[in-house]
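These notes are about the structure you will find just below.
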Amino acid sequence: MKVEQSITLPSEGLGVHRTHYPHQRSQQQQQDFGESPATQVYGMSLEHLMNQQGRRVLPRPIRECLAFIGHHGLSTEGLFRRSPPSTALRSAKDSYNYEQAVDLSLAGVHVAAVLLKLFFRELPEPVFSNHNYSLVRALPASIPLAAATASQDPSSETVEIAKQMDHVRARYVEEVILPSLKPEYRLLLCFTFALLQMVARNEKTNRMTAYNLAIVWAPNLARSSNPVLDVTMCVAGPAAPTVGSVVQIMVQMYDKVFRREIGLILGGQAGQVVDPAMEVIRIVDRMNTGEIIGLKSPSPALPPRVKSPALPPRVKSPALPPRVKSPMNELAPDLPPRILSPGLSPSAKSPSADSVESMQVFADAESASLPPLSANMEVSGSEEVSVEPALAEESVESVGKNEAVTVGDTVMLEAMADKPIDVKSDEPVVKPIDTALQLSSSPETTSDQRVDASASAAVESK
């Protein structure tokens with residue numbers, strides 16, 4: 001079995017390089033080892049690069065390349081299309097990553113142009129990807145032959161329609177596509193496309209029209225997981241709903257598409273500026289000289305307000321037809337009026353307690369003035385009216401059970417109890433019973449007692 005032993009040798013005097021950790025190495029050593037520096041600019045997120053101490057700061061490669069091309073490269077033919085030497089491009093890129101000085105006048109205009117495109121290409125999160133491809137595909141189409149028609153007859157109706165459609169497309173980019181991007185991306189695009197519009201103005205010398213710039217810049221802005229889809233999205237044209245068409249609109253109508261960001265950069269002078277693109281590049285120059293450190297962080301943009309669809313007009317319900325009477329109602333005979341049942345007469349009502357008491361007093365007074373009863377009473381007529389002793393005895397017994405009788409009733413009943421009364425008369429004449437003679441209103445008097453008392457009262461009156 002073979003055993004390996006580690007031998008530690010002194011590093012001094014043996015010509016062996018001591019191991020350095022990344023944070024202990026110099027910039028040259030980090031370049032030699034191919035390591036990413038701590039101050040790397042390319043390939044870093046915009047949130048990390050632009051947000052510093054509550055301000056939005058443009059990355060150094062963007063500031064210097066925009067200012068250099070704006071002053072020295074607007075008339076360069078094939079700008080943003082030609083490729084510079086790879087060694088010069090790599091040297092300038094590494095210098096920016098390691099915070100070294102870069103002399104773009106020695107590197108050339110094409111190096112500055114490629115450095116600008118390379119910064120967008122190496123962003124961790126691209127400007128356009130799967131999350132906003134659907135918005136790009138909804139871009140309204142314009143007339144494909146608008147440019148040719150404009151060159152032949154500028155006053156034709158087709159040209160007017162094409163111009164109106166261009167304004168509609170610019171408004172869609174401003175209100176729908178740009179708000180889908182982060183604030184750092186919108187601000188960076190505003191600075192970059194200010195330079196691209198100035199390049200398009202010099203298309204006669206540099207041969208870079210808005211369409212050519214869209215073809216060159218679209219591949220650096222669009223990236224997704226489907227490379228084939230990315231290629232199709234980079235096509236430009238009036239009728240193509242692609243990223244290339246969006247870039248072309250941004251170049252041609254810069255003032256309208258980026259007016260919010262221009263107002264943020266220029267402040268209160270935005271409405272008084274004749275050439276906003278030129279003024280934005282001047283702000284970049286002031287940033288390079290240190291006169292302006294950065295811009296205040298704007299509030300997050302609100303999504304565009306979507307209007308609710310208009311409600312349809314209210315439809316009135318049809319009027320109901322007039323009500324038709326049933327023929328059965330016409331054939332039915334008229335019913336007689338309803339006859340109400342007659343109410344009870346006042347005399348039929350039961351007397352109150354006061355009326356009963358007054359009637360009792362009147363009956364007592366009348367009975368006191370009557371003469372005493374005799375054994376036989378003569379009545380007008382020849383017939384005799386006899387009262388059987390049994391009836392008298394029954395009346396006496398019934399009176400004995402109830403004490404609530406009048407004085408006149410008591411006298412009559414006592415006389416009837418002593419001897420029977422035989423009354424002989426030829427023609428009996430029945431006189432009406434005096435209504436003033438009433439029974440007692442005691443609730444204890446039964447119906448039988450009332451009948452006996454009535455018969456006694458009739459005999460006494462005779």
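In what follows, every heavy atom counts, from backbone to side chain, and hydrogens, waters and symmetry copies are set aside.
- Put simply, the side chain of K182 reaches to within 4.5 Å of the side chain of E125, judged on heavy atoms.
- Using a 4.5 Å heavy-atom threshold, the side chains of H110 and L89 count as separate.
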Worked check of side chain to side chain contact (heavy atoms under 4.5 Å, CB included) between V247 and F193: CA-CA 9 Å; V247 174; F193 276 83; 3.7 Å; yes
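- Put simply, the side chain of M208 does not reach to within 4.5 Å of the side chain of E203, judged on heavy atoms.
- At least one donor-acceptor pair under 3.5 Å links the side chain of N97 to the backbone N or O of V41.
- Looking at R169, its side chain does come within 3.5 Å of a backbone N or O of P238 through a donor-acceptor pair.
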Salt bridge (charged side-chain N to carboxylate O under 4.0 Å, His left out) between D275 and R201, intermediate numbers included: CA-CA 12 Å; D275 190 354; R201 294 176 188 173; 2.7 Å; yes
Side chain to side chain donor-acceptor pair (under 3.5 Å) evaluation trace for N226 with Y133: CA-CA 12 Å; N226 189 354; Y133 272 178; over 6 Å; no
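- Counting heavy-atom neighbours within 6.0 Å of I293 CD1, excluding the residue itself, gives a total of 12 or less.
- No side-chain donor-acceptor contact under 3.5 Å links R56 to the backbone of L295.
- Remark: side-chain polar atoms of S95 are paired, donor with acceptor, to backbone N or O of S91 under 3.5 angstrom.
- Note that the SG atom of C190 and the CG atom of L178 stand 9.5 Å from one another [nearest 0.5 Å].
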Trace of the side chain to side chain contact (heavy atoms under 4.5 Å, CB included) decision for L46 with F119: CA-CA 10 Å; L46 285 182; F119 183 87; 3.9 Å; yes
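- Distance CG/L266 to CD1/I283: 6.0 Å, rounded to 0.5 Å.
- The backbone N or O of H167 lies less than 3.5 Å from no partner atom in the side chain of K256, so there is not a single donor-acceptor pair.
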Residues I281, M198; criterion side chain to side chain contact (heavy atoms under 4.5 Å, CB included); working and verdict: CA-CA 10 Å; I281 297 300; M198 295 175 63; 3.6 Å; yes
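- Across all non-hydrogen atoms, the minimal contact from G73 to L79 is O-CD2, 3.2 Å.
- Annotation: side chain of F120 is not in contact with side chain of P126 (no heavy-atom distance under 4.5 Å).
- Residues L115 and P61 have side chains not in contact (no heavy-atom distance under 4.5 Å, counting atoms from C-beta outward).
- Atom CZ of residue F80 and atom CD1 of residue I215 lie 15.5 Å apart, to the nearest 0.5 angstrom.
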Audit row: M253, V173, side chain to side chain contact (heavy atoms under 4.5 Å, CB included) steps and yes/no: CA-CA 10 Å; M253 310 189 73; V173 174; over 6 Å; no
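- Between N212 and T209, the side chains place a donor N or O and an acceptor N or O closer than 3.5 Å (distance only, hydrogens not considered).
- Residues E174 and R171 are not paired through a salt bridge, judged by the lack of any N-O separation under 4.0 Å between the basic side chain and the carboxylate.
- With hydrogens and angles disregarded, a donor-acceptor distance shorter than 3.5 Å links the side chain of R186 to the backbone of L181.
- When atom types are taken as modelled, the side chain of N202 and the backbone of S75 share no donor-acceptor pair closer than 3.5 angstrom.
- Judged purely by distance below 3.5 Å, without hydrogens or angles, the side chains of N288 and E64 never pair a donor atom with an acceptor atom.
- Atom CZ of residue R223 and atom CE of residue M233 lie 14.5 Å apart, to the nearest 0.5 angstrom.
- Looking at heavy atoms from C-beta onward, L139 lies in side-chain contact with S245 at the 4.5 angstrom threshold.
- Looking at N206, its side chain does come within 3.5 Å of a backbone N or O of V199 through a donor-acceptor pair.
- Seen from the ring of Y42, K93 counts as a face-on cation partner, given the 6.0 Å and 45° thresholds.
- Between V57 and L49 the shortest side-chain heavy-atom distance does not fall below 4.5 Å.
- Note that the CG atom of L188 and the OG1 atom of T192 stand 4.5 Å from one another [nearest 0.5 Å].
- Separating the OG atom in S224 from the CG atom in N130 is a distance of 4.5 Å, to the nearest 0.5 Å.
- Put simply, the side chain of Y185 never gets that close to the backbone of F128: no donor and acceptor are under 3.5 Å apart.
- R60 has its side chain within reach of Y96: a pair of non-hydrogen atoms, C-beta onward, lies under 4.5 Å apart.
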